Amino acid sequence: MLRIDYSDRHVFVAGGTSGINLAVAKAFAGAGARVSVISRDEGKVQRAVDMLRAVGGKAQGLAVDVRDSAGLASAASALAGLQGPFDVVYSGAAGNFLCAADSLSPNGFRTVVDIDLNGSFNVMHAVFPHVRKPGASLIHVTAPQSSVPMRFQVHAAAAKAGVDQMTRVLALEWGAFGIRVNAISPGPIENTEGFSRLMAPDEAARDFALSQVPLRRFGRTEDIAELALFLGSEHASYISGAIIPCDGGGSLESVKPALEAAGHRSLHR
Ligand code: HXC
Ligand code: NAP
């Protein structure tokens, strides 16, 4: 893991209780940061806090839904009160599933947009009063389908495209405060919820997904954690407004969804 000293810094991780985001939270904790995590499930939050403390970090967590703007504002205020102003905010809460557009209900579409896009707005809004100015770094989490259209992903593609453009607008506005704003775009990261739901529901789909990655390996959660450690640090002090793929080159291919190649022509439920 990249060796950057985060002692005396406070990192807020939205959705930091499983998968990629938990690995990111652990990497910051291992680098000496005080880490605060939030997600919906109280039990997941407590387990994540225990894990972060076990790797040596000072950690706190609260259960809150990113769709609840008032609850999020209270949580951000409480966590900043406990551990100080935020130096890095990593905003990665998301929900996703495969569904053909014509069978997706309006509420299904709205749910994913509410979590991924409106939730990212709510996180940004809640943390702003508590981020260190100048010097802080906001890191959004997007996905390749924000720019590469993918079948069965109309909800997530629309939401993450919004996250990309929000990243750029915030970089314009927050540059004046000395706050850098960037986004990480992970490719298929193995052993994660997103990977099993979207890229590898069966062996054929998994093989096809692998064939679409020029480096011929799936990503690891540590790959994203290393990039987050770098982006949050002074080593990235002139990087703002960037959407950075961490995908083995996968977004360079004209990606077809693995499911389609595996012959799953219809996803009607
Ligand atoms: C079609 C679905 C559906 C599915 C839910 N819905 N799952 N529609 N196919 N598989 C519809 C429901 O029918 C409902 O609409 C609406 O969505 C809301 O569903 P709820 O279950 O009430 O929502 P909620 O409890 O808020 O849960 C949100 C969720 C859930 C997104 C649906 O899956 C979740 O909590 N996910 C979090 C974990 C996750 O998804 N991780 C992966 C992230 S990967 P109706 O009309 O019936 O009321 C990622 C990108 C990976 O983001 C990119 C890889 C390249
Ligand atoms: P994951 O394990 O399901 O992580 C999602 C996290 O967000 C969990 O901690 C979850 O905890 C939290 N969350 C979900 N809905 C929330 C809500 N409404 N309010 C607050 N927290 C919420 O998924 P992952 O696969 O590691 O994905 C992590 C990030 O990477 C996401 O932004 C995803 O879009 C992105 N991504 C993943 C891949 C991949 O291959 N996995 C590829 C591209 C992009 P609770 O359930 O407790 O709320």
Side-chain angles (χ1 to χ4, degrees), residues 13-25 37-48 61-69 71-72 75 90-120 122-123 126 139-148 150-157 159-160 163-164 183-201 205-206 209 212-213 218-221 223-225 227-228 243 245-248 250-251 255 257-259 267-269:
V13 184
T17 61
S18 61
I20 295 172
N21 307 333
L22 176 58
V24 167
V37 291
I38 64 102
S39 80
R40 294 166 299 178
D41 185 287
E42 189 104 45
K44 280 175 75 174
V45 171
Q46 192 51 55
R47 283 191 293 282
L62 286 171
V64 64
D65 194 313
V66 293
R67 292 168 283 191
D68 171 8
S69 55
L72 204 48
Y90 172 98
S91 184
N96 201 356
F97 47 79
L98 291 165
C99 188
D102 56 296
S103 13
L104 181 62
S105 71
N107 192 38
F109 184 85
R110 184 165 43 243
T111 296
V112 170
V113 171
D114 266 351
I115 299 171
D116 293 22
L117 177 56
N118 300 342
S120 299
N122 292 338
V123 169
I139 303 168
H140 281 143
V141 183
T142 182
Q145 53 268 58
S146 71
S147 55
V148 182
M150 284 188 197
R151 289 174 178 80
F152 319 128
Q153 283 285 273
V154 69
H155 41 320
K160 295 288 195 182
V163 170
D164 287 6
I184 295 175
S185 183
I189 307 299
E190 64 188 354
N191 302 316
T192 65
E193 188 65 28
F195 183 81
S196 52
R197 281 188 187 212
L198 303 181
M199 306 306 293
R206 187 188 160 94
Q212 297 299 289
V213 182
F218 290 124
R220 306 179 188 109
T221 56
D223 294 320
I224 308 302
L227 179 53
I243 315 291
C246 186
D247 63 1
S251 52
V255 181
L259 274 184
L267 279 171
H268 287 260
R269 291 188 303 145

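Bear in mind that the values here come from a model prediction, so they are computed numbers and not experimental data. Order of appearance sets the numbers: ligands from 1, and atoms from 1 within every ligand.
- Across the listed options Pro188, Gly187, Gly194, Gly187 owns the non-hydrogen atom lying nearest to atom 42 (C) of ligand 2.
- Atoms of ligand 2 lying under 4.0 Å from at least one heavy atom of Ala94, given by number and element, are 5 (C), 7 (O), 14 (C), 15 (N), 31 (C), 32 (O), 33 (C), 34 (O).
- Of all the atoms in ligand 2, the ones that sit under 4.0 Å from a non-hydrogen atom of Thr17 are 8 (C), 9 (O), 11 (O), 47 (O).
- Taking distance alone, with nitrogen or oxygen atoms compared against 3.5 Å, Asp116 stays at or beyond that limit from ligand 1.
- At a heavy-atom distance under 4.0 Å, no atom of Asp116 approaches ligand 2.
- For atom 23 (O) of ligand 2, the closest non-hydrogen atom on the protein side is Glu193 CB, 4.0 Å.
- At a 4.0 Å cut-off, at least one heavy atom of Arg40 sits close enough to ligand 1 to count as contact.
- Contacts between Ala94 and ligand 1 below 4.0 angstrom, taking non-hydrogen atoms only, involve backbone and side chain alike.
- For atom 36 (N) of ligand 2, the closest heavy atom belonging to the protein is Pro186 CG, 4.0 Å.
- Contact between Arg67 and ligand 1 is present, with at least one heavy atom of the residue lying under 4.0 Å from the ligand.
- Asn96 places no side-chain N or O within donor-acceptor distance of the main-chain N or O of Ala156, the cut-off being under 3.5 Å.
- Close approach to Asp65 involves these atoms of ligand 2, each under 4.0 Å from a residue heavy atom: 17 (C), 18 (N), 19 (N).
- Short contacts between ligand 2 and Val141, defined as distances under 4.0 Å to a heavy atom of the residue, involve ligand atoms 29 (C), 30 (O), 32 (O), 35 (C).
- Val64 and Ala75 get closest at one heavy-atom pair: CG1-CB, 4.1 Å.
- Taking a cut-off of under 4.0 Å to the non-hydrogen atoms of Asp41, the atoms of ligand 2 that pass are 47 (O).
- Close N/O approach between Gly92 and ligand 2 is found [any backbone or side-chain N/O within under 3.5 Å].
- Which parts of ligand 2 touch Gly19 is read off a 4.0 Å heavy-atom cut-off, strictly below it: atoms 2 (O), 26 (O).
- For the pair Asn96 and ligand 1, the shortest N or O to N or O distance falls below 3.5 Å.
- No N or O atom of Pro144 sits closer than 3.5 Å to an N or O atom of ligand 2.
- Heavy-atom separations between Gly95 and ligand 2 are all 4.0 Å or longer.
- The atoms of ligand 2 that sit less than 4.0 Å from any heavy atom of Ala143 are 43 (C), 44 (C).
- Contact record, Ala48 with Leu22: CB-CD1, 3.9 Å, taken as the closest heavy-atom pair.
- Put simply, part of Gln145 is less than 4.0 Å from ligand 1, judged by heavy atoms.
- Each of the following atoms of ligand 2 lies closer than 4.0 Å to a heavy atom of Ile20: 26 (O), 30 (O), 37 (C), 38 (C), 39 (C), 41 (N).
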